[in-house]
Enquirer: 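Please find one structure pasted underneath; my questions will follow.
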Amino acid sequence: MLSIKNLNVHYGVIHALKDISLEVNEGEIVTLIGANGAGKTTTLRTISGLNKATSGEISLEGKDITNIAPPQRVKMGISQVPEGRRIFPEMSVLENLELGAFLRNDKAEIKKDIEKIYNRFPILGNRKRQTAGTLSGGEQQMLAMGRALMSRPRILLLDEPSMGLAPLLVREIFNIIKDINNTGTTILLVEQNASMALSIASRAYVIETGAIVISGTGEELAKSNEIQKAYLGGE
Amino acid sequence: GDKNANEDGTKELNIGINYELTGPNASYGEASVQGIMMAFDEINDAGGIDGMKINPVEIDNKSDSAEATSVATRLMTQKNVVACLGPATTGNFQATIPEAIGNQIPIISASATGDEGVTTDKNGKVNEYVFRLCFNDSFQGVTMANFASNNLEAKKAVIIKDTSSDYAKGLAENFAKTFKSNGGEIVAEEGYVTKEKDFMAILTKVKSKDFDVIFLPGYYQEAGLVIKQARELGIDTPILGADGFDSPVLLELAGAKALNKVYFSNHYSSLDKDPLVQDFIAAYKEKYNTDPGAFQALGYDLGKFIADAIQRAGSTKPEEIKNALASTKDFAGVTGSFSMDKNHNPIKSIVVIELKDGVQATSVKVEPK
Amino acid sequence: MRILMKKNLLILLCLIVTFVIVQVLIMNGIITRFHEITIATICINIILAVSLNLVTGFTGQFSLGHAGFMSIGAYVCAIINSRMDSTLGFLIGILAGAVAAAIVGVIIGIPTLRLKGDYLAIATLGMAEIIRVIFLNLKITNGAAGFSGIPRYTNWMWLFIFTAGSIILINNFIRSSHGRACISIREDEIAAESMGINTTKYKVMAFTIGAFFAGIAGALFASYFYFIKPDAFGFLKSIDILVIVVLGGMGSITGSVIAATILAVLTTFLQEFTAVRMIIYAALLVLIMIFRPQGLMGTKEITDIFKFGKREERLNGRRNR
Amino acid sequence: MSLLKVDKLTKSFGGLTAVSNVSLNIEKGELVGLIGPNGAGKTTLFNLLTGVYVPTSGSIKLSLDDKNSRELGGLKPYNVTKAGLARTFQNIRLFKDLTVLDNVRIAMHQNIEYKLMSAFFHFNKYYKEEDRLKEEAEKLLDIFNLSDKKNELAKNLPYGEQRHLEIVRALATKPAILLLDEPAAGMNPNETAALTETIARIRKEFDLTVLLIEHDMSLVMKICERIYVLDYGMMIASGRPEDIRKNRKVVEAYLGEDVNNA
Amino acid sequence: MSEFLQQMVNGISLGSIYALIALGYTMVYGIIKLINFAHGDVYMIGAYIGFAATTYAQLGFFPALIISMAACAVLGVFVERIAYKPLRNSSRIAVLITAIGVSLLMEYVMMFFVGAEVRSYPKLLSERVFEIGNVYIKAQQLYIIATAIILMIVLQFIVHKTKTGKAMRAVSIDKDAAQLMGIKVDRTISFTFAIGSAFAGAAGVLVGIYYNSIDPLMGIMPGLKAFVAAVFGGIGSIPGAMIGGLGIGIMETLVSGYWNSMYRDAAVFAFLIIILILKPAGLLGKNTREKV
Ligand SMILES: Nc1ncnc2c1ncn2[C@@H]1O[C@H](COP(=O)(O)OP(=O)(O)OP(=O)(O)O)[C@@H](O)[C@H]1O
Ligand SMILES: Nc1ncnc2c1ncn2[C@@H]1O[C@H](COP(=O)(O)OP(=O)(O)OP(=O)(O)O)[C@@H](O)[C@H]1O
Ligand SMILES: [Mg+2]
Ligand SMILES: [Mg+2]
């Protein structure tokens, strides 16, 4: 479904992504793990078009989207929950959700979808008029996910959704991700919490200083010694 | 060789033009320079001064006094000018005085009307190289105060002045002093700032007062609007002003209906049958398609005046030009004929003009004391 | 004393050489009266820009009222110097002008510096307008007619002493712990407070120091240009100073010095192009900002450029946007 | 007598009571954890302790020694810091465009010993103090091996090192109590483990009392001697890690059933 | 009493002129946080276009108004693309300086072509003056007040009720996040400039007719007042700009009318500063302390 070939990205002189190639197939959960500063966020931002690729190709269902503007990519079905949530803090919860559906015109359906989001995250339903900026970290994370779902994406990019969440919620978030995936949305997940990510992922890539070093199924990687040592805190 | 000689042997005379061509006073500078250039063109077309063409060196001072100093220095030290004209406003003119004295090059303004510190210094000594060809604020202020007391029999006056203008400040002070000594009373003094367009607040306040005349020292750009708004508000007392009123723009802004019972002092009147005046008005109209205002007329005279002085000096030496300027006798200009007094102020008569439906209806000449 | 360190001696030497060279050129008539005016403008603008830079570039407080402080210095010095027509009177005038500006700076700074961003900008703008209107209506300042006949004591020597002094003192301040406290406010006020920095105190301090030096600049201005009037210190003047600061680079003393020089030279050069001077000036301003939005120097100082390998003592402020 | 005594502290925002009647005690030298669900009011409590928010009611008492005890509630943040509390932020708030060294030096400002005149004229005192400052700053940076990067801009550090720098910066204010808000957020298990050790180490080295907020139980359960648990602004439990782990309320509200990640 | 009523009429009509300019200003200001010093000059150019359309092309009021609005919209978008867009990621003060450059450029290009002298407008709107018990109200004052109110409502509607308005607000908060919602940032900003500038053009024509006096530097003071009004009312708040504009107009009038016109500007600013000290985010601004 999503395919990246030999992608290179620079920040000025910094070579942040070096010849990255990866694939996400329809219906999969694919996870991208790696240390701080490895280039995970950069990868997702480039897929959404927020960063420009220096070279390489990104394609969605065979169509080359490397040079398409970000809003167009949203229209084609790519949605992202960005690092640090990036909700609109001065707007209400409801307005944030409505903005998620910016490109849609089916008012009735949008309303239904908002209700669905409230069902999934009841706390958002209770706080629909609250200014989003005053939500706690976890509440904001839920809002960011809800907002991304409002565009009815075909592929959802998640950048560290469990960051800063309470243990109970971390598990819940992963359940929700699985759930979203089960309803037919393809997922590319970036995580620090590698063990959890690997446990729900069908396949995984490991990125180190801008280059993909290992890839395989979730189970394979979870068992790998190297991975254990580097990312799972195993001895 | 002569540094003013051109390649083809004809000599050129560099005359500095240091005017407000940008910034808030640009319209006055622009108008003055129009008049000056018209005069220079006429002189040059007629063969120049003793065969020398006048070469105006025009530099803008941004309506800023420090810039005026810099421009004056540039003209005097870099451009070989024999004299400098301008700036138009008193303050900017004052800022160039030390340079004129230091470089020994005469400067002349046609519209720096300030009373003190212009042609004379703090101690009352004349500034040798500094001249003007307009009367000062006190003459106009006193004249209009006397006009109000004597001709209009006014007892109570309101002053509405441009607080940001040195010109208005001088006029207002002199008017008030004389009006009071004539037994009159200033019932209110209000202010506005240059470029303002809404005067309703002060006019409403003034309206509630009991008064016979309004004295409105300031320029036509604001005065036109003040008069318009005053009349709209039902204030129909006489309105007095000074030479700042003299511009066709006053009529455009205020409208003919509002310009009744409006009196202002000026250097000359368009009613004057003197061919000098009528020819100038006709020539100006032909060139610019509108009537000249005071700035243009004064500028025109300034151009003619400096040429006349150079001619009389028979030399391009600044010092001799200065002497010629100082000894001017009966120079005939559009804005009146005058001689220079010992303080380098022109001894000029003043006219008080009455507007009826926006046009000059009558004019009364007042001779200087 | 470490003042006699090699580095400081070198700076001192450079200063003396600059001074002597210009002095000799003036005496030989190579630098004429006309050039001298440009030099005076440059020096005065340098003091203004460097002091505003301390407030806006280093401390991050958006001030649109610097001309107000300048006018206080100008009028106080003009009044004193006119009555005490001597070098001593001139120096007393400068000091009094600077102190008066600083006092007003404290009085105005304490309540207004609680405001942030554009709200502060409006407050400082208003404060400068208030000062201007007061000067416009005071008897002693001769109101709108302006104050003329100020004796000229400002010459190259005094310009040099005060300009170099201002640069050195403000630069020293910025490189001290107090200066770093100011910079931390620009970077993140909440974090600065949590690091034990009394942000209000340091904002007011920067504001006051800025006002003090603006007062000096105003005093030099009055004494050099013979004539001052309230209009010359309106909000457009404040904007002019801000333009120098931003063009040079907010947070770069060197930048302010360079931009003040370039702009003064440019203005003088453009005098010749009467009809289009403002158009050219404006177009250049836009172009420079488009191509160097961070200003000519960014936050770099001249010393950074000469110190490639040895980045040790780089200046505190380092914002490269 | 306890070093920090919080009594019935409450903070409400409009209708929402983010911290409600919270009391807690911290003894000198303790390492205490503060946990609770998202939005429970943990950060708000920190903000109250450090003067960022003014409490709606309640008191915060700091007693550095037996004789002196000070009310901190209502003090400005810089005064709280001077009194001996230092903190890090949940969302990193470094001086991003300044160098690592300057970040630390700024935090040392309150202990500087030269006056304004020295700042202007760079008298000898200035040089002496600046040298001392630099030395001390570098020593602190050594804790996290950051002194090699002292001339880097803070924003150019990798995320993990930025968090380390925040801790160093807080230490530079010479606090008696260090408050850490989610120091391990965004770190992978290896990095978290390393951080856990470092916290334990600096605490000994600087003779610190530490209160930390953290969602990563591997860290909390390993080094905290006592734990307080907040939920909906209220203190629902406190005690030793072993007890907290088994506490019903805590499990329901926060940990979830299968707690095996410690 | 009638004097006071008259002063209130004066204050409201002066204030609604400030508000008229401030509304377009605050729109751009709210979205990209740009202190657009050139806004006053777009207003000036609008006045001149209206002047040209009525004087030379002999058009009536409405065609002139429409032409002026359209031309200003184009001008606004053009200026944004050329001068502001390259500075999207620069500090705000850098863009401010660019705006000052653009402002000077428009003023002096205009002066180059039309000269510095003021011009007067042809009489396009009724010059009727109603006299209600000693209080004079001009028909034109009513037009201006009505226009300001209508503009405020229209803007409020656009910003808060339409999709484009939501996009504008999203862009103003976080451009990257807005893109992730599918919002075209450049187009949204262009649209904002188009509307803001068109409103400035309309204000130029109306005020030109009302005062019957235009000149190339006429935009400086109103531009500044609009900035003051926008900040005073609370940055980005549309009703705030309206109230801010009216507030300043009324304050100026009252100071002139009941105290001393010579100290008017000082008094108004002093009052403004006091209000800001009491309400540091302006009249309608929300004083949101950053959550840490
Ligand atoms: N705007 C930027 N300018 C310069 N360098 C950047 C920028 N953003 C990221 N980088 C650099 O690019 C590299 C990759 O960063 P990225 O944010 O993609 O890492 P990451 O894997 O998401 O890390 P983390 O786990 O901390 O989120 C890092 O070295 C980082 O310093
Ligand atoms: N300035 C504020 N205005 C309004 N509500 C606020 C404000 N600050 C915090 N809140 C609310 O107070 C509650 C507690 O927030 P706080 O940030 O203290 O939570 P927390 O325990 O730190 O959560 P997390 O673990 O997610 O960081 C939340 O519901 C939040 O929405
Ligand atoms: Mg990342
Ligand atoms: Mg928190």
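Nothing here was measured: the structure is a model prediction, and the numbers come from that model. The figures here come from the full heavy-atom set of this structure, side chains too, leaving out hydrogens, waters and symmetry mates. In what follows, every chain begins at residue 1, and chains take the letters A, B, ... in the order their sequences are listed.
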Enquirer: Can you tell me how far the CD1 atom of E:Ile137 sits from the CG atom of E:Leu5, to the nearest 0.5 Å?
Expert: 9.0 Å
Enquirer: Nearest 0.5 angstrom please: B:Arg231 CZ to B:Leu203 CG, how far?
Expert: 10.5 Å
Enquirer: Given that the side chain runs from C-beta out, which part of B:Tyr220 has a heavy atom under 4.5 Å from chain E: side chain, backbone, both or neither?
Expert: side chain
Enquirer: Would you say the side chains of E:Ser103 and E:Asp41 form a donor-acceptor pair under 3.5 Å?
Expert: yes
Enquirer: Which bit of B:Glu30 is near chain E, if near means a heavy-atom gap under 4.5 Å: side chain, backbone, both or neither?
Expert: side chain
Enquirer: More than 12 foreign heavy atoms under 6.0 Å from CZ of E:Phe61: is that the case here?
Expert: yes
Enquirer: Between the side chains of E:Ser13 and E:Gln141, is a donor N or O closer than 3.5 angstrom to an acceptor N or O?
Expert: yes
Enquirer: What part of E:Val129 is in contact with chain B, defined as an atom under 4.5 angstrom from a non-hydrogen atom: side chain, backbone, both or neither?
Expert: side chain
Enquirer: Quick check against the 3.5 Å criterion: does E:Ser261 have a side-chain atom that pairs as donor or acceptor with the backbone of B:Gly191?
Expert: yes
Enquirer: Using only non-hydrogen atoms and a strict under-4.5 angstrom cutoff, which residues of residues 165-177 of chain B touch chain E?
Expert: none
Enquirer: Can you tell which part of B:Val193 gets under 4.5 Å to a heavy atom of chain E, answering side chain, backbone, both or neither?
Expert: side chain
Enquirer: Among all residues two or more places apart in sequence or in another chain, which pass the side chain to side chain donor-acceptor pair (under 3.5 Å) test with B:Asn61?
Expert: B:Asn18
Enquirer: Picking from B:Asp301, B:Asp243, B:Asp246, B:Asn266, what satisfies side chain to side chain donor-acceptor pair (under 3.5 Å) with B:Thr335?
Expert: B:Asp301
Enquirer: Tell me, out of B:Leu253, B:Leu21, B:Val249, who's got the most heavy-atom pairs with chain E below 4.5 Å.
Expert: B:Leu253
Enquirer: Going by atom type alone, with no hydrogens or angles, which donor-acceptor pairs under 3.5 Å involve a side-chain atom of residues 216-233 of chain E and a protein atom two or more places apart or on another chain?
Expert:
from     : atom 1 : to       : atom 2 : distance (Å)
E:Lys225 : NZ     : E:Tyr18  : OH     : 3.3
E:Lys225 : NZ     : E:Glu252 : OE2    : 3.0

Enquirer: If the threshold is 4.0 Å, N to carboxylate O, is there a salt bridge linking E:Asp215 and E:Arg119?
Expert: no
Enquirer: Side chain, backbone, both or neither: which part of B:Thr163 has a non-hydrogen atom closer than 4.5 Å to chain E?
Expert: side chain
Enquirer: Would you please go through residues 206-213 of chain E and name the residues with a non-hydrogen atom below 4.5 Å from one of chain B, in numerical order?
Expert: E:Tyr210, E:Tyr211, E:Asn212, E:Ser213
Enquirer: Is there a donor-acceptor pair closer than 3.5 Å between any side-chain N or O of B:Thr89 and the backbone N or O of B:Gly91?
Expert: no
Enquirer: B:Met200, B:Glu252, B:Lys197: which one forms the most heavy-atom pairs within less than 4.5 Å of chain E?
Expert: B:Lys197
Enquirer: Is there a donor-acceptor contact under 3.5 Å linking the side chains of B:Ser270 and B:Gln360?
Expert: yes
Enquirer: When rounded to the nearest 0.5 angstrom, what distance separates OG1 in B:Thr113 from CZ in B:Phe93?
Expert: 11.5 Å
Enquirer: When you check the side-chain N and O atoms of B:Tyr288 and B:Gln296, is any donor under 3.5 Å from an acceptor?
Expert: no
Enquirer: For chain B, which of E:Asp265, E:Val135, E:Val118 has the most heavy-atom pairs under 4.5 Å?
Expert: E:Val118
Enquirer: So which of B:Glu189, B:Glu190, B:Gln229 has the largest heavy-atom pair count under 4.5 angstrom toward chain E?
Expert: B:Glu190
